[in-house]
Amino acid sequence: MAHWLFKSEPATWSWHQQLSKGVPEEWHGVRNYAARNNMRLMQLGEEGFFYHSVQEKQIMGIVRVVALAHPDSTADNPTWECVDIEAVCPLPRPVTLVAIKREERLRDMVLINNSRLSVQPVTDGQWALICEMGGL
DNA sequence: GCCAACGTTGGC
DNA sequence: GCCAACGTTGGC
């Protein structure tokens with residue numbers, strides 16, 4: 001199964017909110033074709049990292065896809081789709097952007113090479129390494 | 001607060 | 001269909 005990374009500004013929607021919500025939540029608001037296309041590729045049960053951009057710049061936890069891509073309820077155009085996700089668990093030790101940049105084996109991460117893409121693929125190797133760095 | 005990178009828009 | 005102008009994102 002593929003792995004992913006979801007970026008959010010914590011001031012807009014934080015990991016804490018996702019975690020305390022407890023129920024699936026639409027990952028709405030994406031208005032970028034590349035990010036939308038990544039969500040269309042997602043399968044039920046696939047997992048992704050939840051990353052805090054801007055203020056914190058670190059991976060906070062893991063989420064799971066619980067609904068396939070469907071029209072974004074906040075969009076006026078049905079071309080914009082999103083998946084639903086729920087929190088799985090926090091990383092015991094959040095993995096910072098600094099730590100990711102310092103790790104040679106993560107130099108090909110999309111997070112580093114295309115930091116603006118809000119929904120990104122993560123390779124199996126990157127996934128395993130970051131889980132380890134995060135104390136899982 | 002600045003600026004680089006990127007995506008989108010719109011004139012031609 | 002190209003490309004300049006513009007707006008937004010996000011790291012620093």
Side-chain angles (χ1 to χ4, degrees):
Chain A
M1 299 219 292
H3 293 101
W4 309 95
L5 184 144
F6 297 83
K7 258 188 338 186
S8 184
E9 280 198 47
T12 304
W13 178 252
S14 71
W15 166 250
H16 178 73
Q17 288 173 287
Q18 185 83 46
L19 193 58
S20 61
K21 190 85 178 179
V23 296
E25 190 72 19
E26 256 194 347
W27 194 257
H28 54 224
V30 171
R31 301 291 182 271
N32 170 283
Y33 289 104
R36 183 207 62 185
N37 290 345
N38 282 333
M39 288 197 282
R40 283 181 171 175
L41 292 173
M42 292 179 187
Q43 301 296 315
L44 287 179
E46 287 185 341
E47 293 182 331
F49 291 127
F50 191 113
Y51 176 78
H52 274 175
S53 67
V54 186
Q55 296 95 330
E56 298 184 20
K57 286 172 290 191
Q58 56 187 2
I59 293 173
M60 302 300 293
I62 291 175
V63 293
R64 178 190 296 125
V65 176
V66 293
L68 298 176
H70 58 83
D72 182 333
S73 69
T74 68
D76 47 14
N77 184 336
T79 194
W80 298 120
E81 298 180 6
C82 63
V83 296
D84 293 358
I85 63 172
E86 65 180 7
V88 175
C89 65
L91 289 186
R93 291 186 299 117
V95 176
T96 66
L97 182 61
V98 170
I100 289 170
K101 286 193 160 177
R102 201 175 351 175
E103 172 53 65
E104 170 70 11
R105 287 171 289 174
L106 295 175
R107 68 169 184 274
D108 291 330
M109 271 196 83
V110 178
L111 189 63
I112 292 171
N113 300 307
N114 185 1
S115 60
R116 291 190 49 184
L117 185 58
S118 63
V119 180
Q120 318 175 349
V122 173
T123 68
D124 292 347
Q126 291 161 355
W127 180 268
L129 183 52
I130 290 171
C131 285
E132 189 182 324
M133 291 164 71
L136 284 179

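Residue numbers start from 1 in every chain, and the chains themselves are labelled A, B, ... in the order their sequence lines are given, proteins ahead of strands. Since the structure is predicted, the reported quantities are computational estimates derived from the model, not experimental observations.
- To the nearest angstrom, P of B/dG7 lies 12 Å from CG of A/Asn37.
- For A/Asn77 and B/dT9, the CG to P distance is 11 Å, given to the nearest whole Å.
- Counting to the nearest Å, the P atom of C/dT9 and the CG atom of A/Asn32 are 10 Å from each other.
- Applying the salt bridge (charged side-chain N to carboxylate O under 4.0 Å, His left out) test to every pair with at least one member in residues 2-11 of chain A, sequence neighbours left out, gives no pairs at all.
- Connection of A/Tyr51 to A/Trp127 is established within a shared hydrophobic cluster, with ILVMFWY side chains joined at heavy-atom distances below 4.5 Å, either directly or through further cluster members.
- Enclosure of atom CD in A/Glu132 is not indicated, since only 12 or fewer non-hydrogen atoms of other residues, nucleotides or ligands lie within 6.0 angstrom.
- Here salt bridge (charged side-chain N to carboxylate O under 4.0 Å, His left out) pairs that include residues 82-96 of chain A, with residues two or more places apart or in two chains, are A/Arg64-A/Glu86.
- Atoms CD and NE2, from A/Gln120 and A/His3 in turn, are 15.0 Å apart once rounded to the nearest 0.5 Å.
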I'd like a table of atom pairs between the protein and nucleotides 10-12 of chain C - only N or O on both sides, under 3.5 Å - with the distance next to each one.
from, atom 1, to, atom 2, distance (Å)
C/dG10, OP1, A/Lys7, NZ, 2.6
C/dG11, OP1, A/Tyr51, OH, 3.2
C/dG11, OP2, A/Val54, N, 3.0
C/dC12, OP1, A/Lys101, NZ, 2.2

